[in-house]
Amino acid sequence: ASVPPRALEMRDLVLLREKAFFRIVEAGEICAVEAEADYTHIFLADGHKAFLRKRMSQWEEELPAPPFFKISRRLLLNTQRIKQIVANDRESAEIHLRGMEKPLPLSRIELRRLRSAYVL
């Protein structure tokens with residue numbers, strides 16, 4: 001039987017491998033993980049982005065919760081990096097994370113889950 005991976009600590013190193021390119025970052029430097037089929041976009045605190053062949057479920061198992069919080073099938077957030085949330089209208093909002101230039105869109109349901117989990 002294989003040993004399940006243990007959750008990382010915020011200061012543990014994570015290897016991000018893209019084609020011939022490798023980057024090593026602390027888990028706490030990951031702002032958000034966004035799913036796209038069997039791949040994930042990793043948004044880093046230094047503004048870089050990585051695109052990896054790694055499923056969202058693998059990230060969920062590895063990244064510490066809290067502060068990482070999965071608000072939908074597509075989005076896992078590092079809640080320690082939340083700077084502000086701006087409601088666009090009743091249906092959507094944008095979440096601004098420290099270290100990311102562009103905000104990420106949030107649906108009404110994602111915003112509600114974040115609010116209920118963190119009493120925002």
Side-chain angles (χ1 to χ4, degrees):
S2 65
V3 177
R6 68 174 180 83
L8 297 167
E9 301 291 326
M10 292 299 277
R11 299 197 55 96
D12 285 347
L13 297 178
V14 178
L15 176 69
L16 302 178
R17 183 177 161 202
E18 291 184 282
K19 296 182 179 119
F21 185 72
F22 292 87
R23 181 187 305 271
I24 298 172
V25 299
E26 288 184 3
E29 294 298 301
I30 297 172
C31 295
V33 179
E34 189 174 33
E36 185 179 312
D38 289 346
Y39 292 82
T40 44
H41 295 276
I42 309 303
F43 298 90
L44 300 171
D46 64 5
H48 283 93
K49 241 172 88 170
F51 186 61
L52 309 173
R53 184 177 178 90
K54 187 170 181 174
R55 291 175 178 261
M56 178 66 85
S57 58
Q58 292 171 277
W59 287 112
E60 270 185 277
E61 289 173 8
E62 291 176 21
L63 294 174
F68 285 90
F69 179 66
K70 187 177 179 190
I71 62 169
S72 65
R73 281 185 303 183
R74 76 166 186 98
L75 195 57
L76 179 68
L77 294 174
N78 179 348
T79 58
Q80 290 180 343
R81 294 213 162 261
I82 295 174
K83 187 165 47 176
Q84 75 181 84
I85 299 169
V86 179
N88 296 330
D89 51 42
R90 290 177 52 98
E91 298 299 314
S92 67
E94 292 179 335
I95 187 161
H96 297 258
L97 300 168
R98 281 193 319 281
M100 286 179 57
E101 197 175 303
K102 287 185 179 172
L104 291 171
L106 292 180
S107 69
R108 185 177 66 189
I109 292 167
E110 290 170 335
L111 183 58
R112 190 179 308 136
R113 280 195 191 124
L114 196 57
R115 274 193 181 128
S116 63
Y118 287 91
V119 196
L120 297 174

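Numbering of residues begins at 1 and proceeds along the displayed sequence.
The ring-ring contact (aromatic ring centres under 6.0 Å, His included) search around His41 returns Phe51, not counting sequence neighbours. Every side-chain hydrogen bond (donor to acceptor under 3.5 Å, both in side chains) that Glu60 has, sequence neighbours left out, goes to Lys70. Partners of Pro67 by side chain to side chain contact (heavy atoms under 4.5 Å, CB included), not counting sequence neighbours, listed by chain and number: Met10, Pro64, Asn78, Thr79, Gln80. Arg17 is linked by a salt bridge (charged side-chain N to carboxylate O under 4.0 Å, His left out) to nothing, counting only residues two or more places apart in sequence or in another chain. For Ser72, the side-chain hydrogen bond (donor to acceptor under 3.5 Å, both in side chains) test picks out Glu110, with sequence neighbours left out. Take Asp89 and apply the salt bridge (charged side-chain N to carboxylate O under 4.0 Å, His left out) test, not counting sequence neighbours, and it matches no residue. In terms of the side-chain hydrogen bond (donor to acceptor under 3.5 Å, both in side chains) criterion, residue partners of Arg108 (sequence neighbours excluded) are, by chain and number, Glu91. In terms of the salt bridge (charged side-chain N to carboxylate O under 4.0 Å, His left out) criterion, residue partners of Glu26 (sequence neighbours excluded) are, by chain and number, Arg11. In this structure Arg113 satisfies the salt bridge (charged side-chain N to carboxylate O under 4.0 Å, His left out) test with no other residue, sequence neighbours excluded.
Sorted by first and then second residue, the salt bridge (charged side-chain N to carboxylate O under 4.0 Å, His left out) pairs with a member in residues 31-42 read Glu34-Arg74, Asp38-Arg55; sequence neighbours excluded.
Rounding to the nearest 0.5 Å places CG of Leu111 at 11.5 Å from CD of Glu94. Taking CG of Leu104 as the reference point, atom NE2 of His96 lies at 9.5 Å (rounded to 0.5 Å). With rounding to the nearest 0.5 angstrom, the CG atom of Leu44 is 12.0 Å from the CG atom of Leu97. The CG atom of Leu114 sits 5.0 Å away from the CD1 atom of Ile95 when rounded to the nearest 0.5 Å. Summarising the geometry, atom SG belonging to Cys31 is positioned 12.5 Å from atom NE2 belonging to His48; distances are rounded to the nearest 0.5 Å. From Leu77, atom CG reaches atom CZ of Phe68 across 9.0 Å, with rounding to the nearest 0.5 Å.
Sparse packing is recorded around CD of Glu101, with 12 or fewer heavy atoms of other residues, nucleotides or ligands lying under 6.0 Å away.
Residues Lys54 and Glu62 meet the side-chain proximity criterion, which asks for heavy atoms closer than 4.5 Å.
Follow the hydrophobic side-chain contacts under 4.5 Å out from Leu15 and you reach Leu13 in the same cluster.
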Q: Would you please test Val14 and Trp59 for side chain to side chain contact (heavy atoms under 4.5 Å, CB included) and show each step?
A: CA-CA 11 Å; Val14 178; Trp59 287 112; 3.9 Å; yes
Q: List the steps, then state whether side chain to side chain contact (heavy atoms under 4.5 Å, CB included) holds for Met56 with Leu76.
A: CA-CA 8 Å; Met56 178 66 85; Leu76 179 68; 3.8 Å; yes
Q: Please assess Leu75 against Val33 for the test side chain to side chain contact (heavy atoms under 4.5 Å, CB included), listing each intermediate value before the final yes or no.
A: CA-CA 6 Å; Leu75 195 57; Val33 179; over 6 Å; no
Q: I would like to know whether Phe21 and Leu16 meet side chain to side chain contact (heavy atoms under 4.5 Å, CB included); could you show each step before the answer?
A: CA-CA 8 Å; Phe21 185 72; Leu16 302 178; over 6 Å; no
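Using modelled atom types, one side-chain atom of Ser116 and one backbone atom of Arg112 make a donor-acceptor pair closer than 3.5 Å.
Other cluster members for Ile109: none, since no ILVMFWY side-chain heavy atom sits under 4.5 Å from it. In the hydrophobic clustering (ILVMFWY side chains linked at under 4.5 Å, chained through shared members), Val86 stands by itself.
In terms of heavy atoms, Ala27 sits closest to Leu63 at CB-CD2, 4.1 Å. Closest of all the heavy-atom pairs between Ala93 and Ala87 is CB-CA, 3.8 Å.
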